[in-house]
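Below is one structure, written out as structure tokens; the observations come after it.
Indexing begins at 1, ligand by ligand and atom by atom, following the structure's order. Start at 1 with the first residue, then count along the sequence.
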Amino acid sequence: MIKSELCSLLGIKYPVFQGGMAWIADGKLAAAVSNGGGLGIIAAGNAPGEYVRSQVKIARELTDKPIGVNIMLLSPFIEEVAKVVVEEKVEVVTTGAGNPSKFIGAWNEAGIKVIPVVASVAMAKLMTRLGAAAVIAEGGESGGHVGELTTMVLVPQVCDATDLPVIAAGGIADGRGVAAAFMLGACGVQLGTRFLSAYECGVHPNYKKKILKANDLCTMVTGKKLGHPVRQLRTAFAKKYWDAEYGGMPDEELEALGTGVLRLAAVEGDEERGCFLSGQIAALVKKEQPAAEIIKELMEEAEPLLLGASKWVE
Ligand code: TUI
């Protein structure tokens, strides 16, 4: 069985996190993942504090295992969400899309394990100094907000730069990806796109259908002009945004074009106007299945690969 220091640090059975996908990763999905032995993570996204509190309560009804909340640092409700996670005593906070320095002290004092996403070596070093419990090294293969570096390049360098446990993310959807991440020095993995296909994932059926139909070239990155690049499926909306971005649309109009579109995709399943965030690895997501089965499959595939690594050496 695959074990790592991440399991004892967090009290989880398998070193697998479910990514905090805005408008998608709710209390029900997080509880299913935690019950399956991984770490389920509720996405705060751009939602108010009370939404996050309600989802934590839903998860607590469904599981007695540790859960996490992902805090998106560009959120307009960041201050209230930062307080809610303390009041609700969530075990783990992960952060994304920015620098969580100003919150780490208060979260640590509350006994929360703080695990920021880092997209560079400098950020990994800073988070280590400020008291993070671990870091997530997320490559640009991932869905949603992306950094410059790929997983293959980022993970070993972050592992060299910190003594903290490193969780690899971006481009991992099966046991081969898990094994590869461990070979690069990670002691855990985070998957988002793969968990979109979980039965317990309440995303709109049109979203699941698009992920299950995706191929290798199905995603593109938009939003560089406004400084927040996001990876999404190559849809009608993505092409329209791209044309606007590179056709000289003023920043305020671009901002408006990108507002509310995640909800349209995740909740309404709007295939014309929605923004369907996805990782590059969507083509490896083949069927809908329970979250616990996904985790078990990942571990069962990765284990012989790690055990058999010596086959390459004479
Ligand atoms: O955050 C994510 N994925 C996301 S957030 C999101 S919602 C949204 N995003 C952008 C604009 C509007 C709405 C959808 N998907 N993943 C974690 C992640 N964090 N990936 C990359 C980073 C990152 C990048 C740069 C973290 C820190 C960083 O440096 C910050 C700094 O200030 O130096």
Side-chain angles (χ1 to χ4, degrees), residues 17-25 41-47 51-52 68-78 81 93-104 114-130 132 134-151 153-155 158 161 166-172 189-193 195-196 203 207 219 221-233 237-238 241 245 251 254-267 274-280 282:
F17 288 11
Q18 156 252 312
M21 300 166 282
W23 285 106
I24 296 174
I41 298 179
I42 293 163
N46 277 322
Y51 167 82
V52 176
V69 169
N70 173 257
I71 298 192
M72 212 279 284
L73 293 157
L74 299 167
S75 166
F77 298 105
I78 179 80
V81 171
V93 163
T94 64
T95 63
N99 184 336
S101 296
K102 68 179 264 210
F103 301 106
I104 294 181
V114 183
I115 310 188
V117 167
V118 299
S120 69
V121 165
M123 183 84 170
K125 287 183 175 161
L126 178 66
M127 294 301 109
T128 306
R129 226 171 32 246
L130 293 181
V135 293
I136 301 169
E138 184 180 291
E141 298 95 320
S142 70
H145 187 74
V146 289
E148 281 288 327
L149 298 176
T150 59
T151 303
V153 166
L154 180 65
V155 172
V158 168
V166 175
I167 296 114
I172 305 172
V189 289
Q190 173 169 282
L191 292 77
T193 306
F195 283 110
L196 284 171
V203 74
Y207 207 128
T219 72
V221 174
T222 59
K224 283 194 175 153
K225 183 153 177 269
L226 294 184
H228 302 302
V230 299
R231 183 177 295 286
Q232 60 174 309
L233 291 180
F237 169 79
Y241 191 97
E245 188 174 11
D251 286 2
L254 265 182
E255 195 87 55
L257 189 60
T259 300
V261 291
L262 292 184
R263 199 195 72 86
L264 280 178
V267 181
C275 170
F276 293 75
L277 299 182
S278 167
Q280 268 182 326

At what distance is the nearest protein heavy atom to atom 19 (N) of ligand 1, and which residue and atom is it? Ala97 N, 3.0 Å
For ligand 1, which atoms have a heavy atom of Gly96 less than 4.0 angstrom away? 1 (O), 17 (C), 19 (N)
Can you name the salt bridge (charged side-chain N to carboxylate O under 4.0 Å, His left out) partners of Arg129, sequence neighbours left out? none
Any N or O of Met72 closer than 3.5 Å to N or O of ligand 1: no
Mark up the atoms of ligand 1 that fall under 4.0 Å of a heavy atom belonging to Gly144, in ascending order. 14 (C), 15 (N)
Any idea which part of Leu277 is under 4.0 Å from ligand 1, heavy-atom wise: side chain, backbone, both or neither? side chain
Mind checking what makes salt bridge (charged side-chain N to carboxylate O under 4.0 Å, His left out) contact with Lys125, not counting sequence neighbours? none
Over all heavy atoms of both residues, which pair between Ala47 and Ser75 is shortest? Give the atoms and the distance, please. O-OG, 4.4 Å
Considering only the protein, which heavy-atom contact is closest to atom 18 (C) of ligand 1, and what is its distance? Val117 CG1, 3.3 Å
To which of Leu73, Asn99, Asn46 does the heavy atom nearest atom 32 (O) of ligand 1 belong? Asn99
When distances are taken from atom 4 (C) of ligand 1, the protein heavy atom at minimum range is His145 N, 3.2 Å
If the cut-off is 4.0 Å to any non-hydrogen atom of Gly98, which atoms of ligand 1 fall inside it? 26 (C), 27 (C), 30 (C)
Minimal non-hydrogen separation, Pro76 against Asn46, with atom names: CD-OD1, 3.2 Å
re atom 33 (O) of ligand 1, the protein heavy-atom contact at minimum distance is Met123 SD, 4.1 Å
With a 4.0 Å cut-off on heavy atoms, is Ala22 in contact with ligand 1? no
Give, for atom CD of Gln232 and atom OG1 of Thr219, the distance between the pair rounded to the nearest 0.5 Å. 9.0 Å
In ligand 1, the atoms that come under 4.0 Å of a heavy atom of Leu74 are 10 (C), 11 (C)
Examine His228 against ligand 1 and note whether any of their N/O atoms are separated by less than 3.5 Å. no
Correct closest heavy-atom pair for Ser101 and Asn99 would be OG-OD1, 2.5 Å
